[in-house]
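Only one structure is covered here, and it is reproduced in the block below.
Only a predicted model underlies this, so the values are computations on that prediction, with no experimental measurement involved.
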There are 2 protein chains.
Amino acid sequence: MTTIRDVAKRAGVSVTTASYALNDTGSIGEATRKRVLEAAEELNFHPNAFARNLKRRKTQTIGVFISRFSGSFYEEILEGIHSVILETDYELLVCPESRSTRRILLHRQVDGAIVFDRKITNEQVLKLASRRFPIVVLDRDLQNDFILPLLLDNAQGVREAFRHLYDQGLRRMAFVAGALDALDNAERMETFLAEAKRKRLQVPVYQGNFTEVSGYDAARLIFQSAQLPQAVFCANDQMAFGFLRAMTERGLRAPAAIAIVGFDDIPLARHMQPSLSTIGASRFEWGATAVRQLIDLLDNETPFQPLRLSTRFLARQSSTLNAEPQTALGGTHDPALSS
Amino acid sequence: MTTIRDVAKRAGVSVTTASYALNDTGSIGEATRKRVLEAAEELNFHPNAFARNLKRRKTQTIGVFISRFSGSFYEEILEGIHSVILETDYELLVCPESRSTRRILLHRQVDGAIVFDRKITNEQVLKLASRRFPIVVLDRDLQNDFILPLLLDNAQGVREAFRHLYDQGLRRMAFVAGALDALDNAERMETFLAEAKRKRLQVPVYQGNFTEVSGYDAARLIFQSAQLPQAVFCANDQMAFGFLRAMTERGLRAPAAIAIVGFDDIPLARHMQPSLSTIGASRFEWGATAVRQLIDLLDNETPFQPLRLSTRFLARQSSTLNAEPQTALGGTHDPALSS
DNA sequence: GGGATGAAGTGAACCGTTTCACTTCATCGT
DNA sequence: ACGATGAAGTGAAACGGTTCACTTCATCCC
């Protein structure tokens with residue numbers, strides 16, 4: 001392993017000079033700098049990151065804390081983050097939930113963090129965040145000069161969705177809620193209920209927890225009611241998926257029997273049968289924005305710019321009553337309807 | 001930031017003793033050890049990883065080198081790796097392709113590597129791998145005492161698939177190939193052609209590159225032939241997806257017009273319309289096996305155990321001729337057929 | 001001519017651990 | 001009673017960089 005000492009020797013200068021030359025700091029003559037760089041090149045020198053970080057107390061690394069890899073949810077966000085990182089001189093440390101999460105955070109093994117892991121508490125975030133350690137949170141509403149929450153504009157998409165349902169003449173609606181402690185769920189629900197209220201509609205709420213199975217269960221519950229709703233809004237796509245599965249099992253077709261709308265636009269949504277109407281935001285953009293703001297604060301002291309990521313309603317088959325069938329599949333002559 | 005010096009002072013011992021006590025090395029009295037651990041606890045001490053790694057020349061970290069995050073392909077592998085890592089005292093560094101890939105590898109910023117990134121050349125892998133730096137490769141056939149290729153048993157699944165097609169009486173078959181330099185593609189193709197040859201079938205090959213669009217293009221090319229094949233085997237699901245899209249556009253239904261089989265069992269496969277017959281392996285298991293072997297070699301000198309991950313054919317709608325429609329969707333009265 | 005100036009370069013301390021080589025001291029066997 | 005032994009503990013040198021404080025020396029200005 002070649003060290004900076006080897007480089008210095010080869011270039012015939014002191015270690016200090018070599019370091020200055022390599023980092024373009026200090027004041028070093030052009031000829032000398034060149035000699036050092038050449039020596040480094042010839043010896044294939046790469047500075048030892050541990051030594052460097054130890055001394056500098058800066059790692060030039062952004063940490064992303066997620067709870068797990070699966071769920072294509074993260075995938076796109078990570079992709080967005082990565083794409084921005086590639087254009088900077090920062091590196092990326094993706095840290096799934098683990099024993100060492102705390103240590104990495106505590107020891108500033110990263111210069112800034114993007115948190116998307118509910119296992120990390122609000123208190124921890126609050127305690128850690130500072131000018132020298134800014135944090136972007138993607139999953140909670142926590143804010144100060146050094147904590148930037150990047151939230152979805154839930155209301156916008158939900159309003160569009162409600163209008164879409166309402167304009168088709170649907171009046172009996174139900175809401176399948178996600179985890180109670182989730183801000184996103186709260187906002188989606190509030191908006192939906194508020195819109196309904198303005199139209200003088202009563203909307204029963206069925207409690208789920210964002211999992212497919214909870215959507216399935218909610219559906220089973222709803223099937224027991226005297227009169228089926230005409231439209232059901234699920235607080236996320238996974239639950240909508242479960243709901244649709246329950247409907248299929250019972251021989252009910254969306255949107256004919258019940259119009260279904262989800263939230264998130266997971267990749268599967270467009271491929272379901274029927275394709276799922278949902279509300280989407282660009283997760284890629286989400287990740288990219290997060291890391292851009294972080295690095296801007298770190299490098300240029302640009303203050304955080306709170307913003308909501310815009311969402312938009314995507315009308316697909318599951319909630320669109322009299323559209324042409326987009327593929328030749330399904331339709332009203334569906335044998336399942338008579339089962 | 002509290003250091004080991006603070007801990008030593010508080011426990012009334014030397015730094016050396018503190019270090020030994022914390023690491024359970026050296027010989028330290030029980031009472032002393034306890035005092036040190038208590039002091040560490042009280043001060044909320046976490047050793048600085050940079051200093052430790054610098055000195056130890058060991059990082060207790062496994063690096064996973066992937067080219068990008070998207071493509072649900074990685075997702076499950078990472079999940080498998082992560083699940084094993086959680087049970088060990090190793091950490092995980094996921095490194096998407098970037099400027100620093102080389103440095104991380106060169107400087108042993110990780111103790112072992114799982115390589116799934118074609119940007120890293122065979123030469124690099126060969127040069128790096130050693131007893132103290134074992135490497136598992138997931139995407140190439142490269143092997144020595146310290147390089148373990150974890151490959152799919154391509155032949156097994158492909159044979160099953162061929163038999164499935166053949167047993168349904170299909171004889172005119174075609175093969176859509178993936179990237180030429182990919183071992184997986186080569187094996188899938190060889191096996192398929194070999195099976196065909198045993199049955200005295202001629203199978204034309206259409207060159208693709210594993211992308212959806214190349215599958216689409218291959219389909220367009222095939223549509224120009226005098227007589228359509230009855231079955232098409234695509235070397236991966238993405239191409240199969242493209243192929244199906246082209247068929248839909250042309251008003252052709254699988255399997256009625258052409259039976260389609262893919263390879264990989266991407267999550268979407270089961271959700272396509274028609275659902276895609278394909279060949280799958282547990283990617284979760286793939287990742288888990290990789291990291292298990294790596295850590296076993298690192299910690300216990302257990303030699304690498306070359307093995308092939310078993311694959312199995314999954315018969316779904318796209319290639320199953322006279323099955324009951326699994327859902328009520330589609331079927332032979334499909335208006336698209338007449339367009 | 002001589003002090004001020006600033007560019008170019010250097011020595012050594014330091015970052016926070018680990019670990020080698022060493023000391024001390026109680027215990028044991030003979 | 002005494003050397004051998006080994007457990008318990010310590011001082012200081014690494015690890016490989018960065019950077020503060022300093023020297024040297026040519027140039028400039030009055």
key: 4.5 Å side-chain heavy-atom contact, A:P134 and A:L148   = no

What donor-acceptor contacts under 3.5 angstrom involve side-chain atoms of residues 34-42 of chain A, with partners at least two apart or in another chain?
{"unit_1": "A:R35", "atom_1": "NH1", "unit_2": "A:A11", "atom_2": "O", "d": "2.5"}
{"unit_1": "A:E42", "atom_1": "OE1", "unit_2": "A:R10", "atom_2": "NE", "d": "2.7"}
{"unit_1": "A:E42", "atom_1": "OE1", "unit_2": "A:R10", "atom_2": "NH2", "d": "2.6"}

A:R140 meets the salt bridge (charged side-chain N to carboxylate O under 4.0 Å, His left out) criterion, sequence neighbours left out, with none

Judged by nearest nucleotide, the residue sitting upstream toward the 5' end of DNA chain D, A:T2 or B:G12, is B:G12

With 3.5 Å as the limit, what N/O pairs link the protein to nucleotides 6-9 of chain C?
{"unit_1": "C:dA8", "atom_1": "N7", "unit_2": "A:S27", "atom_2": "OG", "d": "3.2"}
{"unit_1": "C:dG9", "atom_1": "OP1", "unit_2": "A:T32", "atom_2": "OG1", "d": "2.6"}
{"unit_1": "C:dG9", "atom_1": "OP2", "unit_2": "A:G29", "atom_2": "N", "d": "2.7"}
{"unit_1": "C:dG9", "atom_1": "OP2", "unit_2": "A:T32", "atom_2": "OG1", "d": "3.1"}

Sorted by chain and residue number, the side-chain contact (heavy atoms from CB on, under 4.5 Å) partners of A:K55 (sequence neighbours excluded) come out as none

Hits for side-chain contact (heavy atoms from CB on, under 4.5 Å) against A:T61, two or more places apart or cross-chain, chain-then-number order -> A:T59, A:E91, A:L93, A:V110

When rounded to whole Å, the CD1 to P distance for the pair A:I4 and D:dT19 reads 11 Å

Looking at B:N23, I'd like to know whether one of its side-chain N or O atoms comes within less than 4.0 Å of OP1 or OP2 on C:dT18.
yes

Output a table of donor-acceptor pairs, distance under 3.5 Å, between side-chain atoms of residues 295-303 of chain B and any protein atom two or more places apart or on a different chain; print 'none' if there are none.
{"unit_1": "B:D296", "atom_1": "OD1", "unit_2": "B:N300", "atom_2": "ND2", "d": "3.4"}
{"unit_1": "B:D299", "atom_1": "OD1", "unit_2": "B:Y90", "atom_2": "OH", "d": "2.7"}
{"unit_1": "B:E301", "atom_1": "OE1", "unit_2": "B:R131", "atom_2": "NE", "d": "3.4"}
{"unit_1": "B:E301", "atom_1": "OE2", "unit_2": "B:R131", "atom_2": "NH2", "d": "2.8"}
{"unit_1": "B:T302", "atom_1": "OG1", "unit_2": "B:D296", "atom_2": "O", "d": "3.4"}

Protein-nucleic acid N or O pairs under 3.5 Å, nucleotides 12-15 of chain C:
{"unit_1": "C:dA12", "atom_1": "N6", "unit_2": "A:T16", "atom_2": "OG1", "d": "3.2"}
{"unit_1": "C:dC14", "atom_1": "O2", "unit_2": "A:K55", "atom_2": "NZ", "d": "3.0"}
{"unit_1": "C:dC15", "atom_1": "O3'", "unit_2": "A:R57", "atom_2": "NH2", "d": "2.9"}

Rounded to whole Å, CD of A:Q60 lies from C1' of D:dT18 at a distance of 15 Å

Between CG of B:L22 and P of C:dT19 the distance, given in whole Å, is 13 Å

For A:S67, the side-chain hydrogen bond (donor to acceptor under 3.5 Å, both in side chains) test, sequence neighbours excluded, returns A:Y74

Rounded to the nearest 0.5 angstrom, the CZ-CG distance for A:R118 and A:D139 is 5.0 Å

From CZ of A:R52 across to C1' of D:dT19 the rounded distance in Å is 13 Å

Rounded to whole Å, CD of B:Q109 lies from P of D:dC15 at a distance of 18 Å

Separation of C:dT10 atom C1' from A:K9 atom NZ, nearest Å, is 16 Å

Hits for side-chain contact (heavy atoms from CB on, under 4.5 Å) against A:R52, two or more places apart or cross-chain, chain-then-number order -> A:N23, A:P47, A:R56

